[in-house]
Amino acid sequence: MEQQIQQLRDEALVAISGASDEAALDEVRVRFLGKGGSITAFNDRMREVAKEDKPRIGKVLNEVRGVVTGAIDERRTSLVAEAESRAFAGVDVTLPGTRMLSGALHPITQLMDRAVRIFRRMGFALADGPDIETEWHCFDALNTPADHPARNEQDTFYMPDGRLLRTHTSTVQIRTMEGNPPPVRIIAPGAAYRRDEVDATHLAQFTQMEGLYVAPGVALSDLKGTLEYFFREFLGSGVEFRFRPHFFPFTEPSFEVDVRSPQLAGGRWLEIAGCGMVDPAVFEAVNGRRKDRAYDPEAVSGFAFGFGLDRLAMVMGAVPDIRLFTEGDQRFVGQFR
Ligand code: DAH
């Protein structure tokens with residue numbers, strides 16, 4: 001029997017070195033060492049062995065099992081190594097590598113960050129409010145009458161519960177004053193929504209930057225100085241300004257700001273912002289909510305402004321179609337790294 005076991009060992013070793021891949025090797029393992037394997041079969045046949053021979057034969061059987069198991073493990077290791085080196089054999093290591101594309105902030109976000117940094121230098125703090133707003137914060141508190149066209153369902157996205165997607169970031173003026181007594185000096189960048197027909201210059205969602213400064217004695221000259229400083233920093237020192245009288249329900253007097261620069265839009269005047277002195281009616285709406293006189297129009301005054309970042313991004317980057325900003329095409333956004 002000892003001889004039979006030794007012979008099985010030799011057969012197994014030959015089969016192991018002949019196995020050309022892992023699957024074949026596994027078949028060999030099952031054939032010799034599996035449940036019904038030929039070496040395993042000798043476990044049962046130990047019963048036939050005479051008592052005095054049992055220790056010796058048992059030892060041989062154990063040794064053979066150990067040798068065959070070891071040979072299988074060794075063969076498996078070298079088969080894996082061979083397979084790996086075959087996989088690399090076709091690779092030309094002198095070829096240039098695959099370039100990894102690194103991401104970057106969206107161009108509008110980059111502009112917004114720059115604008116925020118400039119206002120922070122002038123002491124403006126960041127404020128925000130919800131995109132889904134009440135009609136009161138979006139219109140009533142901002143002195144916008146019930147029959148104003150902006151309140152129309154054609155122009156504004158209304159929720160079934162009567163709330164709406166804010167049509168401008170001016171809502172944050174109200175939220176800030178509701179929650180904080182004067183003085184307040186804030187900017188609020190964020191999304192605004194209108195039911196515009198989407199075309200090369202309109203999207204249903206755009207980005208605005210709102211500003212508000214309320215304190216005793218804030219004057220129109222402060223508004224002018226602040227906006228002129230901002231746009232000079234933002235667009236370059238060569239810009240010219242025009243403050244054109246206009247109407248907004250929430251400011252009195254109100255203005256539109258035009259800028260002109262040889263670097264922008266071929267030197268044409270561009271309408272870029274709305275602004276004005278906070279209307280006393282807005283202060284009174286806030287006082288009503290606060291149930292105090294913190295914003296007494298006889299004691300405090302303020303200025304407010306708002307502008308869209310998407311249009312600015314278009315003129316600054318000579319971008320012909322606003323939809324490019326939302327399509328995520330690498331050929332476009334990749335230019336703003
Ligand atoms: N909310 C105005 C708009 O979306 C922009 C604006 C005009 C904001 C005058 C202001 C302001 O704060 O004082 O067109």
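The residues of the chain are indexed from 1 along the displayed sequence. Numbering of ligands and ligand atoms starts at 1, following listing order.
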Cation over ring face, Arg244 and Phe255, 6.0 Å, 45°: no
Minimum heavy-atom distance between Gln6 and Val60, given as atom pair plus value: NE2-CG1, 3.9 Å
Proximity winner for atom 7 (C) of ligand 1, if only heavy atoms of Gly274, Gly211, Ser170 are counted: Gly274
For Gln173, the ligand 1 atoms whose distance to one of its heavy atoms is below 4.0 Å: 12 (O)
Presence of salt bridge, Arg289 and Asp140, under 4.0 angstrom: no
For the student: nearest non-hydrogen atoms of Arg232 and Phe241, plus distance: NH2-CE1, 4.0 Å
Ligand 1 contact on Phe250 by region, counting heavy-atom pairs under 4.0 Å: side chain
Which of the ligand 1 atoms, numbered from 1, are nearer than 4.0 Å to a heavy atom of Gly276: 13 (O)
Centroid-centroid under 6.0 Å between Phe206 and Tyr193 rings: no
Cationic N near anionic O, under 4.0 Å, Arg195 to Glu153: no
Nearest-neighbour protein heavy atom for atom 12 (O) of ligand 1, which is reported as residue plus atom name and distance: Glu210 OE2, 2.7 Å
Nearest protein heavy atom with distance in Å, relative to atom 3 (C) of ligand 1: Arg194 NH2, 3.7 Å
For Gln208, atoms of ligand 1 separated by under 4.0 Å from a heavy atom: 3 (C), 4 (O)
Which residue and heavy atom of the protein sit nearest atom 8 (C) of ligand 1, plus the separation: Gly306 N, 3.4 Å
Short side-chain to backbone donor-acceptor contact, Thr207 and Pro189, under 3.5 Å: no
Per-atom contacts, ligand 1 versus Phe248 - under 4.0 Å to a heavy atom: 7 (C), 9 (C)
